[in-house]
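All remarks here apply to the structure that follows.
Since we're looking at a predicted model, the values are computed, not measured.
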Amino acid sequence: MKPISILAAGCSLALAGAAAAQDTPTLTVYTYDSFVTEWGPGPQVEAAFEETCGCDLEFVAAGDGAALLARVRLEGARSDADVVLGLDTNLMAAAAETGLFAPHGLDAPAFDLPVTWDDPTFLPYDWGYFAFVYDETRIGDAPGSFRELIADEDLKVVIQDPRSSTPGLGLLLWVKHAYGDEAGTIWEALAPRILTVTKGWSEAYGMFLEGEADMALSYTTSPAYHLIAEEDPTKAAALFEEGHYMQVEVAGKLAGTDQPELADAFLTFMTSDRFQSVIPTTNWMYPAVTPDSGLPKGFETLATPDKALLFPPEEAAAIRDAALNEWRDALSR
Amino acid sequence: MARRAQPLSPALALGWGAAALLLALTLGTILAVAWRAEAAARLGAADWAAIRFTAWQALLSAAISVALAIPAARALARRRFRGRGVLITLLGAPFILPVIVAVLGLLAVFGRAGLVSGLIAPLGLGPLSIYGLQGVVLANVFFNLPLATRLILQGWHAIPAEHFRLAAQLGMGPAEIARHLERPMLRAVVPGAFAAIFLICITSFAVALTLGGGPRATTVELAIYQAFRFDFDLGRAALLALVQFGLCAIAAAAALIVAVPVAFGAGLDRTVQRWDAGGRAYRWGDAALLTLVAGFLLLPLAMVAAGGLAALPGLPASVFEAALRSLAVALASTALTLGLGIALASAIVRLRDRPRRAGFLEAVGYLSIAASPMVIGTGLFILLFPVADPVALALPVTALVNAAMSLPFALRALIPAIRDVSETYGRLSESLGIGGWTRFRLVTLPRIRRPLGFAAGLSAALSMGDLGVIALFADPDQATLPLQLYRLMAAYRMEDATGAALLLLCLSLALFWIFDRGGRVGTDT
């Protein structure tokens, strides 16, 4: 073969490759950072969806849920994102207000949530209860309510800052939901029990594991990680009689998507067994639709609150700033 | 003498080019953020409280760091002992650690369940509670005492050995040496060191929040963070970033006014031998002081190392891949820092007849210290997004921003060194007709090796340990080591995270040691 024909053959091969790549559409899903790591649901979800979709699923990570929304707002209508996965009910109102999201238009399955779900834009994929996690070998009798926590002078808890952390905001709304106008008083009384306020969940949970604090704000599902992954049954979540505030994590389709069918297919896949069965032992949350095989062994040991608390998205957005000021004033005294 | 318009020499052009790049990175990104703002910005009462707290904790932290660093640097300057070099390197470690690792290390020593609380428990005391302003200051001193010590130690090294010999021949004791040599040097060096640490403490936020005990300890940087992710109020974020620059400008101006430059003239670049301070009381005093400082700085590190050792062999492969990626970013960032640093420093020295321009260039070089990482990252994102895929550029952008962030430290080391060479050998070089690149290579480079090595080491180590803007841009498959560490923690893998922290600590220290050592080979210190 003459050099020139080798070159031509090479070119046509390259072109064929490029054409094949163009035939495979790409679905871009923006999500938070911990979703896409090798320990998160990302890799398994990607492999499972690509088996059937005839597409390339590409995850783009941006910090946590709030950073994710900020990213989408910064990019605006020009965003490459087709689906945003990882907002929660506290961010939903602000997300809907941007006008960047389109109604999902799908027949939602029956969700296994303690609350009814009928949002036209966002679909839930997992949920959990906020709770204070403790070590049974260090605390004998965990407090059974905020008032008992206040009364137990030996206890020190670490919480997260609602301005920089999703669980921190969850706790803020938890106290507000449970105590309403009394929330400020409760925070003032809680202040001596609060060892410190951290930037994010990792710092707080790390301080708890290192023994610096007796309890850290986390989820009722956190002990499942220690039990299943580390075979350590000593971690538990304290059940509060006021009820527990929930976090419901959701995904939505962007109005500006260039792959509307794929985006719909992904959202449908998201509530299917394949996706949902990955969630419990990667995101360590409850799946929004319990898989046919049920929850992994170990989840039955978790504490389950009698009462689930959750503000509707619009109300959460409306009271957020006032609740934050209340919190700041009470803890700054 | 009439000033004539001079053609812009290549050296000056490089300096102005570097300055333009830095201006774009710092003030340009603020403009980009402000431009995207939807409403006019306004600062509330909480923002003003944050500004007050920020300035106050930075002032206290800088004062205590410098007050401790002066005797520590003096002890290091006048003592020779086995392991001195290693100690100096190790002392730099806290500065380059990711905040979360350093905080957990500090808590392992000073926390409620820490070493100190354990020691005083049998006496019926404790547990120690460090949360509050004292905790913030403790952490800031932990981070910045080593830097202050290094900056001031360089002041001591800048006094030629001949001066100490002359002082000894004149029969001067420590007090006279302090009056004639050391105090003028400190007058020149300390304000700069103070300002540098004040500025670093201004932009801290995770430390202040975690150890500050609650919303009382809200810094401007946290307010910026809140404006971005909680309120999505870009105007307020940009305004707060400007306030942060304002605070820093005031500090820098104050330092300039207080500092009195000092010129010791040329020496033969020989090792200092000190004949004074040989008495037993001085020796024991210095030894005790160095032991205390080393204990304060190294114990928390030892706790990090001890915690991570067991997890190190079993770390997932992705951690080592991230480590390689971080090494590449650190080396690229170091090359950029040195390039920018030498370009700026040379231009500043050449502009000695135009003090205003030189001052402007120097100020631009220090700007990044006052920049908010959150604003730089977001601003760059806004600027890049219309023209390129920010995710694809994550690693180069991280290297560039890291370089800008360590540039102020490089400049602090390089400007005086290049100025000294120029003042001492400039006329000789000119009379011999040596100029341009040849002069830089033959005359300047050998004489700035030590500060250059220090700058390179610090830059590499800082880049290695800094989470930087990668967190905003990250490609899932392109994590750096600090980002991977945070990811491990977020996935409950606290043990692996401590292993990754130890790996990070070792790599950062090794980088720092290699460069710093490289700069000192053959100079006998």
Starting at CG of B:Leu488, measure out to OG of A:Ser34 and round the result to the nearest 0.5 Å. 12.0 Å
Kindly compute the distance separating CG (A:Leu74) from CZ (B:Phe385), expressed to the nearest 0.5 Å. 9.0 Å
Answer with side chain, backbone, both or neither: which region of A:Asn325 has an atom nearer than 4.5 Å to a non-hydrogen atom of chain B? neither
Is atom CD of A:Glu50 surrounded by more than 12 heavy atoms (other residues, nucleotides or ligands) closer than 6.0 Å? yes
Kindly determine whether A:Arg71 and B:Phe381 satisfy side chain to side chain contact (heavy atoms under 4.5 Å, CB included), including the steps that lead there. CA-CA 9 Å; A:Arg71 168 85 173 259; B:Phe381 188 88; 3.0 Å; yes
Hey, are the side chains of A:Thr37 and B:Gln484 touching, using non-hydrogen atoms and a 4.5 Å cut-off? no
Could you tell me whether the side chain of B:Leu234 reaches within less than 4.5 Å of the side chain of A:Arg73, counting heavy atoms only? no
For the student: nearest non-hydrogen atoms of B:Met489 and A:Gly206, plus distance: CE-CA, 4.5 Å
How many angstroms lie between atom CD of A:Gln160 and atom OG1 of B:Thr210, to the nearest 0.5 angstrom? 10.5 Å
CD of A:Glu38 to CZ of B:Arg487: how many Å apart, nearest 0.5 Å? 9.5 Å
From CA spacing to verdict: side chain to side chain contact (heavy atoms under 4.5 Å, CB included), A:Leu195, B:Arg112: CA-CA 10 Å; A:Leu195 183 67; B:Arg112 284 176 74 236; 3.4 Å; yes
Beyond-backbone contact of A:Lys199 with B:Tyr225, side-chain heavy atoms, under 4.5 angstrom: yes
Greatest number of heavy atom pairs closer than 4.5 Å to chain A - which of B:Thr218, B:Thr378, B:Thr498: B:Thr218
Could you tell me whether the side chain of B:Gln226 and the main chain of A:Ser164 form a donor-acceptor pair under 3.5 Å? no
Can you say whether B:Asp231 sits under 4.5 Å from chain A via the side chain, the backbone, both, or neither, judging by heavy atoms? both
Measure B:Arg36 against the heavy atoms of chain A and call it side chain, backbone, both or neither at under 4.5 Å. side chain
Go through the atoms of A:Ser218 and report whether side chain, backbone, both or neither lie under 4.5 Å from a heavy atom of chain B. side chain
Region of A:Ser165 that comes under 4.5 Å of a non-hydrogen atom in chain B: backbone
Per-residue contact mode, B:Ile382 against chain A (heavy atom under 4.5 angstrom): side chain
Flag side-chain contact, heavy atom, 4.5 Å: A:Met207 against B:Leu107: yes
In the structure I gave you, are the side-chain heavy atoms of B:Pro215 and A:Arg163 within less than 4.5 Å of one another anywhere? yes
Between A:Thr198, A:Leu209, A:Leu331, the one whose heavy-atom pairs under 4.5 Å with chain B are most numerous: A:Leu331
If one checks every heavy atom of A:Ala213 against chain B at 4.5 Å, the contacting part turns out to be backbone
Need one label for B:Pro386: side chain, backbone, both or neither, based on atoms under 4.5 Å from any heavy atom in chain A. both
Is it possible for you to check whether A:Arg320 lies under 6.0 Å from the centre of the six-membered ring of B:Phe230, through NZ or CZ, and within 45° of that ring's axis? yes
State, to 0.1 Å, how close A:Trp39 and B:Ala491 come at their nearest heavy-atom pair, and which atoms those are. CB-CB, 3.8 Å
In terms of ring plane angle, is the pair B:Tyr492 and A:Tyr225 parallel, tilted or perpendicular, where the classes change at 30° and 60°? parallel
Go through the steps to decide whether A:Asp33 and B:Leu483 satisfy the test side chain to side chain contact (heavy atoms under 4.5 Å, CB included), and finish with yes or no. CA-CA 10 Å; A:Asp33 199 64; B:Leu483 182 60; 4.2 Å; yes
Per-residue contact mode, A:Glu75 against chain B (heavy atom under 4.5 angstrom): both
Counting only heavy atoms from other residues, nucleotides and ligands, does the tally under 6.0 Å from CD of B:Glu495 exceed 12? no
A:Leu169 versus chain B, heavy atoms under 4.5 Å apart: side chain, backbone, both or neither? side chain
Interface moiety of A:Asp329 toward chain B, non-hydrogen atoms closer than 4.5 Å: neither
Quick one, B:Arg229 and A:Thr166 - any side-chain contact, counting heavy atoms below 4.5 Å? yes
Go through the atoms of B:Leu222 and report whether side chain, backbone, both or neither lie under 4.5 Å from a heavy atom of chain A. side chain
Please classify the contact of B:Phe228 with chain A as side chain, backbone, both or neither, using a heavy-atom distance under 4.5 Å. backbone
Part of A:Leu324 within contact of chain B (heavy atom distance under 4.5 Å): side chain
